[in-house]
Amino acid sequence: MVRPSSVTLKIIMAVSGILLILFLYVHMIGNLKIFLGGTDFDHYAHWLRDLGTPLLPHMWYLWIQRGVLTLAVLAHIYTAAVLTVRAKKARPVKYAHRPKVQGSYAARTMRWGGVIVLLFIIFHILDLTTGTVNPIGDHEHPYANVVADFAPGRWYVTLFYTLAIVAVGFHLWHGIFSAARTLGQQTEKGQRRAKTIAAVLSAVLVVGYLSVPFSVLVGLVD
Ligand code: HEM
């Protein structure tokens, strides 16, 4: 059986991670359309379903995107798991004293953060894609679904989204930094640059995503 080297696995992890980040950015920009009102937001969601037509039939682009994202998530989890097992085998005895500098909070929460994000994605699809757990769940009116979702009475949904988005932020913060290092930013200056870029990219994403539920919560979007 082929045994890919750890460098190959790290590259697959970095590239699949970058694909997922690209999706997160595009999705966040799309979500911000909520501030333009219901007509614009719903129009955007309908346009997404017809993207690529007439070359592609209705919904095909979305299904291709779903396929690519699923493959990227699976590749990301698989490479993370194999690399973790290899790291454990390489050092079966725990460090008696692990200095704090070994990992920031973000680095130490990569695995649990990843699990929270995965659970969130399952809930999110049942909530805003299939509408199963959404109070409205009307496929034709995503704006109404979002507004109903984050109504003040459903504060626990906003809380869960907040936890998950902050987890995404931490995950990205460390992930972008590691990916930049894997892909070549290995000098001290390069690492400093990677750290700053990682912090800015993840902070923008967290603020952009959280602006939607909190604007609904305080009545700015209704
Ligand atoms: C407050 C933040 C968010 C809001 C308001 C939001 C909103 C939405 C909406 C309205 C849809 C359905 C679009 C449609 O009707 O076609 C959707 C789908 C989706 N969202 Fe989000 N989203 C948020 C955060 C996230 C995050 C953090 C992730 C990933 C970690 C994510 C991943 C997805 C995925 C994978 C889909 C399914 C796309 C598909 O149908 O193929 N979302 N989101």
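Order of listing sets the numbers, starting from 1, for every ligand and every atom in it. Not measured: the values here are computed from a predicted model.
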Give yes or no for whether the N/O distance cutoff of 3.5 Å, strictly under, is met between Tyr161 and ligand 1.
no
Can a protein heavy atom be found under 4.0 Å away from atom 13 (C) of ligand 1?
no
What do we get for His139 next to ligand 1 when only non-hydrogen atoms under 4.0 Å count, side chain, backbone, both or neither?
neither
Among protein heavy atoms, which sits nearest to atom 43 (N) of ligand 1, and what does the distance come to when rounded to 0.1 Å?
His124 NE2, 2.7 Å
Among protein heavy atoms, which sits nearest to atom 24 (C) of ligand 1, and what does the distance come to when rounded to 0.1 Å?
Tyr209 CE2, 3.4 Å
Can you pull out the closest protein heavy atom to atom 28 (C) of ligand 1? Residue, atom name and distance to 0.1 Å, please.
Phe120 CE2, 3.8 Å
Short question: side chain of Thr53, backbone of Leu56 - any donor-acceptor pair under 3.5 Å?
no
Taking 4.0 Å as the limit for heavy-atom contacts, which would you say applies to Leu24 with ligand 1: side chain only, backbone only, both, or neither?
side chain
In His27, which N, O or S atom comes closest to atom 21 (Fe) of ligand 1?
NE2
Nearest neighbour in protein (non-hydrogen) for atom 10 (C) of ligand 1:
Val146 CG2, 3.8 Å
Check step by step if side chain to side chain contact (heavy atoms under 4.5 Å, CB included) holds for Val168 and His171.
CA-CA 5 Å; Val168 170; His171 198 83; 5.5 Å; no
Check the pair Trp60 / Leu51 against side chain to side chain contact (heavy atoms under 4.5 Å, CB included), numbers first and verdict last.
CA-CA 8 Å; Trp60 270 47; Leu51 205 68; over 6 Å; no
Can any side-chain N or O of Asp42 pair as donor or acceptor with the backbone N or O of Tyr143 at less than 3.5 Å?
yes
Go through Ile34 and Ser215 one step at a time and tell me if the side chain to side chain contact (heavy atoms under 4.5 Å, CB included) criterion holds.
CA-CA 10 Å; Ile34 201 122; Ser215 297; over 6 Å; no
Among protein heavy atoms, which sits nearest to atom 40 (O) of ligand 1, and what does the distance come to when rounded to 0.1 Å?
Arg66 NH2, 2.8 Å
Take Val221 and Phe35, measure what side chain to side chain contact (heavy atoms under 4.5 Å, CB included) needs, and give me the verdict at the end.
CA-CA 7 Å; Val221 169; Phe35 295 106; 3.8 Å; yes
Which of the numbered atoms in ligand 1 are under 4.0 angstrom from any heavy atom belonging to Thr129?
18 (C), 37 (C), 40 (O)
If you have a sec, work out which protein heavy atom is nearest atom 11 (C) of ligand 1 and how many Å separate them, to one decimal?
Leu128 CB, 3.9 Å
Can you give me the closest heavy-atom contact between Ile116 and Ala167, atom names plus distance?
CG2-CB, 4.1 Å
For residues His46 and Glu140, determine if any side-chain heavy atom of one lies less than 4.5 Å from a side-chain heavy atom of the other.
yes
Side chain or backbone, does Arg49 bring an N or O within less than 3.5 Å of an N or O on ligand 1?
yes
Is Phe23 close enough to touch ligand 1? Criterion: a residue heavy atom under 4.0 Å from a ligand atom.
yes
Exactly one of Phe214, Tyr156, Tyr161, Tyr209 clears ring-ring contact (aromatic ring centres under 6.0 Å, His included) with Phe150, and that residue is Tyr161
Kindly confirm or rule out a cation-pi arrangement of Lys195 over Phe177, judged by NZ or CZ under 6.0 Å from the six-membered ring centre and within 45° of its axis?
yes
For ligand 1, note which part of Asn31 has a heavy atom under 4.0 Å away: side chain, backbone, both or neither.
side chain
Where ligand 1 meets Pro213 - atom numbers and elements under 4.0 angstrom, heavy-atom basis
1 (C)
